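Below, all heavy atoms of this structure are taken into account, side chains as well, without hydrogens, waters or symmetry copies. Since we're looking at a predicted model, the values are computed, not measured.
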Amino acid sequence: MKLSIVGSGYVGTTIAACFADLGHDVVNVDIDEDIVEAINDGRAPIHEPGLEERIAEHAGDRLRATTDYDAVLDTDATFLALPTPSREDGSIDTSIMEAGAESLGEALAGRDDHLVVVKSTVVPGTTENVVEPALERGGFENATMAMNPEFLRMGSAVADFLDPDKAVFGARDDSTYDELREVYEPLLAEAPDAAVVETGLREAEMIKYANNAFLASKVSLVNDLGNICKEFDVDAYEVSHAIAHDDRISGRFLRSGVGWGGSCFPKDVAAIIAAAKQEGYDPAVLEAAVEVNDGQPERLLELLDDHVDVTDKRVAVLGLAFKPGTDDIRGTRAIPVIDGLQERGANVVAYDPVATEKMAEKRPDVEYADSARDALDGASGAVVVTDWDEFAALDEEFDAMAEPVVVDGRRIVERRDGITYEGLTW
């Protein structure tokens with residue numbers, strides 16, 4: 001099939017490259033000329049494992065990019081993968097989505113029919129009440145609307161797309177489900193265990209929020225339990241390992257530590273809280289999940305305080321991306337950790353394998369090291385904020401150095417000889 005993807009962020013670029021990998025002819029539409037040039041040159045505009053290779057393989061053949069919306073006229077379906085950032089009150093800002101839909105409507109004006117699939121994360125009712133009217137304002141009144149939420153994790157987005165646990169198709173009628181199944185047929189043939197959920201537009205929109213809200217709450221719950229374990233000198237990882245054997249709980253997202261971040265969990269939880277309150281409902285559990293999460297960086301620093309007075313001392317922050325496998329620093333726990341250290345008068349030196357450049361643009365007041373070795377050299381303390389694999393063997397790499405107190409916020413340091421270790425053993 002011929003597909004157009006409007007938007008070339010993490011989601012848009014990833015699904016475009018992956019659809020091309022599955023044999024579709026794909027065009028990415030974006031207003032950013034630098035991103036368009038990068039894709040057409042076979043380069044990934046973002047850091048994501050497996051993405052660069054696929055763009056390089058398909059660029060100029062089954063994958064191209066353009067700033068011209070008229071490119072959608074030669075396609076069978078268009079996916080809207082545009083940003084929906086948070087407003088100050090947590091609600092989503094749909095202005096970028098509306099502008100993109102209007103431009104799409106202008107390009108499609110006069111056509112009898114076209115499948116328009118909302119891929120962005122939007123609150124229930126947005127596809128019907130915001131996107132469809134925007135298309136009509138642009139001049140296109142014959143859209144077949146669908147909602148197809150994404151469940152891509154940064155750092156594993158390509159793998160998540162190509163090996164999904166589920167595909168959610170939101171639509172108004174069976175013929176639209178059939179069209180979506182045709183789009184996804186090459187993928188579903190390769191992933192026969194993936195569940196296909198056919199539901200309504202609003203249900204599909206809500207499924208994405210429910211998915212992320214549940215996972216975020218699970219992390220906050222295990223962190224809350226971990227904080228209690230710490231008070232009783234109990235290793236929470238032993239506790240988590242035991243309860244994970246209960247198949248109603250499972251072991252996923254049971255690693256207590258410095259908390260969740262990124263662009264999805266914070267934004268999506270805030271959005272569904274705001275949406276619920278607008279409807280007159282107070283989502284107490286979700287608000288508590290956010291409160292616990294917001295407090296975890298300070299918990300980590302309090303453990304460091306127990307061993308080191310960091311005033312005028314060099315303290316290494318290991319990990320700046322919100323998770324390994326990505327250079328994304330949106331919502332990273334490293335920022336409140338750095339803020340807390342600086343408030344204590346510490347001289348912060350930070351290191352990350354791929355996210356240093358982005359963090360340096362945001363926080364030029366921090367010293368940045370070229371390696372974990374350099375960051376730890378002369379440090380009185382260190383905190384592990386992102387669980388990159390290279391931090392898992394600190395003792396092997398740094399056993400000849402002075403011994404800083406290391407507070408491991410991700411429980412990744414397993415070998416502990418050669419460093420003074422105070423783990424978050426919750």
Peer 1: I'd like to check Glu179 versus Thr144 (side-chain heavy atoms, cut-off strictly below 4.5 Å). Are they in contact?
Peer 2: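 Counting from C-beta outward, Glu179 and Thr144 do come under 4.5 Å.
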Peer 1: Testing Asn28, Asp32, Ile31, Val29 for side-chain contact (heavy atoms from CB on, under 4.5 Å) with Ser8, which one passes?
Peer 2: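 When side-chain contact (heavy atoms from CB on, under 4.5 Å) is applied between Ser8 and each of Asn28, Asp32, Ile31, Val29, only Asn28 qualifies.
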Peer 1: Under a 3.5 Å cutoff, is there a donor and acceptor pairing between the side chains of Ser250 and Lys218?
Peer 2: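 Ser250 vs Lys218: donor-acceptor pair found between side chains.
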Peer 1: Please determine whether side-chain contact (heavy atoms from CB on, under 4.5 Å) holds for the pair Leu80 and Val131, giving the CA-CA distance in whole Å, both sets of side-chain angles, and the decisive distance to 0.1 Å.
Peer 2: CA-CA 10 Å; Leu80 292 173; Val131 178; 3.7 Å; yes
Peer 1: For Tyr184 together with Phe19, are the ring centres under 6.0 Å from each other?
Peer 2: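 Ring centres of Tyr184 and Phe19 closer than 6.0 Å.
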Peer 1: Do Val349 and Val366 come within less than 4.5 Å of each other through their side chains, counting heavy atoms only?
Peer 2: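 No, too far: nothing below the 4.5 Å cut-off.
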Peer 1: Contact between Leu304 and Leu341 at the side-chain level, heavy atoms closer than 4.5 Å - yes or no?
Peer 2: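 Heavy-atom side-chain distance check passes, below 4.5 Å.
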Peer 1: At what distance, to the nearest 0.5 angstrom, does CG of Leu51 lie from CZ of Arg43?
Peer 2: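 The CZ atom of Arg43 is 12.5 Å from CG of Leu51, to the nearest 0.5 Å.
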Peer 1: Quick check: closest heavy atoms across Gly261 and Pro266, and the distance to 0.1 Å?
Peer 2: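 Gly261 and Pro266 have their closest heavy atoms at O-CD, 3.4 Å.
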Peer 1: Quick test of your reading of the model: are Asp174 and Arg181 salt-bridged, counting only N-O distances below 4.0 Å?
Peer 2: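 Judged by the 4.0 Å cut-off on N to carboxylate O distance, Asp174 and Arg181 do not form a salt bridge.
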Peer 1: For the residue pair Asp173 / Ser175, report whether a side-chain donor-acceptor contact shorter than 3.5 Å exists.
Peer 2: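 Judged by distance alone, the side chains do pair up.
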Peer 1: Please check if the side chain of Lys362 supplies one atom and the backbone of Ile335 the other of a donor-acceptor pair under 3.5 Å.
Peer 2: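 Absent.
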Peer 1: May I ask you to decide whether Lys208 forms a salt bridge with Glu150, counting only side-chain N to carboxylate O separations under 4.0 Å?
Peer 2: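 Between Glu150 and Lys208 there is a salt bridge, with a charged N closer than 4.0 Å to a carboxylate O.
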Peer 1: Ignoring hydrogens, what is the shortest heavy-atom contact between Thr121 and Ile92? Give both atom names and the distance.
Peer 2: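 Looking at all heavy atoms of both residues, the shortest contact is O-CD1, 4.4 Å.
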Peer 1: Would you say Phe391 and Asp408 make side-chain contact, with heavy atoms under 4.5 Å?
Peer 2: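 Of all side-chain heavy-atom pairs linking Asp408 with Phe391, none is under 4.5 Å.
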Peer 1: Tell me whether Arg333 contacts the main-chain N or O of Val258 through its side chain, where contact means a donor paired with an acceptor under 3.5 Å.
Peer 2: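 The answer is no, because no donor-acceptor pair under 3.5 Å joins these two groups.
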Peer 1: Under 30°, 30 to 60°, or over 60°: which ring-plane class applies to His114 and Phe140, parallel, tilted or perpendicular?
Peer 2: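 Perpendicular: the ring planes of His114 and Phe140 meet at over 60°.
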Peer 1: Would you find more than 12 non-hydrogen atoms of other residues, nucleotides or ligands less than 6.0 Å from Glu33 atom CD?
Peer 2: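 Counting neighbours around CD of Glu33, 12 or fewer heavy atoms of other residues, nucleotides or ligands fall under 6.0 Å, so no.
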Peer 1: For the CD atom on Glu302, are there more than 12 heavy atoms of other groups (residues, nucleotides or ligands in this structure) within a distance under 6.0 Å?
Peer 2: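 Counting other residues, nucleotides and ligands, CD of Glu302 exceeds 12 neighbours.
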Peer 1: Of all heavy-atom pairs between Glu48 and Ala157, which one has the smallest distance, and what is that distance?
Peer 2: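 Nearest pair, atom of Glu48 first, then Ala157: OE2-N, 2.8 Å.
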Peer 1: Using side-chain heavy atoms (C-beta onward) and a distance below 4.5 Å, is Asp365 in contact with Gln342?
Peer 2: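 Asp365 reaches Gln342 side chain to side chain.
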Peer 1: Considering only NZ, NE, NH1 and NH2 on the basic side and carboxylate oxygens on the acidic side, decide whether Asp305 and Arg344 come within less than 4.0 Å.
Peer 2: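 Yes, charged N to carboxylate O under 4.0 Å.
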Peer 1: With rounding to the nearest 0.5 Å, note down the distance linking CE in Met154 to OG in Ser263.
Peer 2: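 The CE atom of Met154 sits 3.0 Å away from the OG atom of Ser263.
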Peer 1: Given 3.5 Å as the limit, does a donor-acceptor pair link the side chain of Asp76 with the main chain of Met1, or not?
Peer 2: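 Flag not set: sc Asp76 to bb Met1 has no pair under 3.5 Å.
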Peer 1: Does a salt bridge link Lys358 with Asp327, judged by any charged N lying under 4.0 Å from a carboxylate O?
Peer 2: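 Salt bridge present between Lys358 and Asp327.
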Peer 1: Is any side-chain heavy atom of Asn148 less than 4.5 Å from a side-chain heavy atom of Phe79?
Peer 2: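 Yes, at least one pair of side-chain atoms sits under 4.5 Å.
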Peer 1: Salt bridge or not for Arg87 and Asp89, using N-O below 4.0 Å?
Peer 2: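 Here Arg87 does not pair with Asp89 in a salt bridge, since their nearest N and O are not under 4.0 Å apart.
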Peer 1: Would you say Thr326 and Tyr10 are linked by a side-chain donor-acceptor pair, where the criterion is simply a distance under 3.5 Å?
Peer 2: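 Distance-only check passes for Tyr10 and Thr326.
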Peer 1: Just how far is it from atom CZ of Phe214 to atom CG of Leu221, taken to the nearest 0.5 Å?
Peer 2: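 Between Phe214 CZ and Leu221 CG, I get 9.5 Å after rounding to 0.5 Å.
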Peer 1: Considering all heavy atoms of both residues, which atom of Thr75 and which atom of Ala71 are nearest to each other, and what is their separation?
Peer 2: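 That closest heavy-atom pairing would be CG2-O, 3.7 Å.
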Peer 1: Are the charged groups of Glu132 and Arg172 less than 4.0 angstrom apart, N to O?
Peer 2: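 Counted as a salt bridge, because a side-chain N and a carboxylate O are separated by less than 4.0 Å.
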Peer 1: Is Glu287 salt-bridged to Lys277, cutoff N-O under 4.0 Å?
Peer 2: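 A salt bridge is present here (some side-chain N lies under 4.0 Å from a carboxylate O).
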Peer 1: Where do Leu320 and Val385 land on the side-chain contact (heavy atoms from CB on, under 4.5 Å) test, with the steps shown first?
Peer 2: CA-CA 7 Å; Leu320 300 172; Val385 181; over 6 Å; no
Peer 1: Main chain of Val183, side chain of His24: is a donor-acceptor contact present, judged purely on distance under 3.5 Å?
Peer 2: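 Flag set: sc His24 to bb Val183 pair under 3.5 Å.
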Peer 1: So, are Lys119 and Glu205 salt-bridged, with charged N and O less than 4.0 Å apart?
Peer 2: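 Between Glu205 and Lys119 there is no salt bridge, as every charged N stays at least 4.0 Å from the carboxylate O atoms.
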Peer 1: Check this for me: does any side-chain nitrogen of one of Asp25 and Lys2 sit under 4.0 Å from a carboxylate oxygen of the other?
Peer 2: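 Looking at Lys2 together with Asp25, the answer is no, because their closest N to O distance does not fall below 4.0 Å.
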Peer 1: Got more than 12 heavy atoms from elsewhere within 6.0 Å of CG, Asp306?
Peer 2: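 More than 12 heavy atoms, drawn from other residues, nucleotides or ligands, come within 6.0 Å of this atom.
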Peer 1: Answer whether the closest heavy-atom distance between the side chains of Val196 and Phe169 falls below 4.5 Å.
Peer 2: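 They are in contact (side-chain heavy atoms under 4.5 Å apart), so the answer is yes.
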Peer 1: Quick check for you: to the nearest 0.5 Å, what is the distance between Met147 atom CE and Ile207 atom CD1?
Peer 2: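 The CD1 atom of Ile207 is 9.0 Å from CE of Met147, to the nearest 0.5 Å.
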Peer 1: For a quick test of reading the model, state the closest non-hydrogen atom pair linking Ala109 to Gly138 and the distance between them.
Peer 2: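 Closest pair (atom of Ala109, atom of Gly138, distance): CB-O, 4.4 Å.
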Peer 1: side-chain contact (heavy atoms from CB on, under 4.5 Å) for Val158 and Thr14? Distances and angles first, verdict last.
Peer 2: CA-CA 6 Å; Val158 171; Thr14 299; 4.2 Å; yes
Peer 1: To the nearest 0.5 angstrom, please state how far the OG1 atom of Thr78 sits from the CD1 atom of Ile5.
Peer 2: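 If we round to the nearest 0.5 Å, Thr78:OG1 and Ile5:CD1 are 8.0 Å apart.
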Peer 1: When you measure from the side chain of Ser240 to the backbone of Leu254, do you find a donor-acceptor pair of N or O atoms at a distance under 3.5 Å?
Peer 2: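 Yes: the side chain of Ser240 pairs with the backbone of Leu254.
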Peer 1: Sub-3.5 Å donor-acceptor pair from the side chain of Thr126 to the main-chain atoms of Val123, do we have one?
Peer 2: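 Yes.
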Peer 1: Can you tell me if CD on Glu357 sees more than 12 non-hydrogen neighbours from other groups inside 6.0 Å?
Peer 2: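 No, CD of Glu357 has 12 or fewer neighbouring heavy atoms, counting only those of other groups under 6.0 Å.
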Peer 1: I want to check something: taking the side chain as every heavy atom from C-beta on, are Phe151 and Lys166 in contact at a cut-off of under 4.5 Å?
Peer 2: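 Heavy-atom side-chain distance check passes, below 4.5 Å.
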Peer 1: How close do Thr386 and Pro324 get, heavy atom to heavy atom, and via which atoms?
Peer 2: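 Minimum heavy-atom contact is CG2-N, 3.6 Å.
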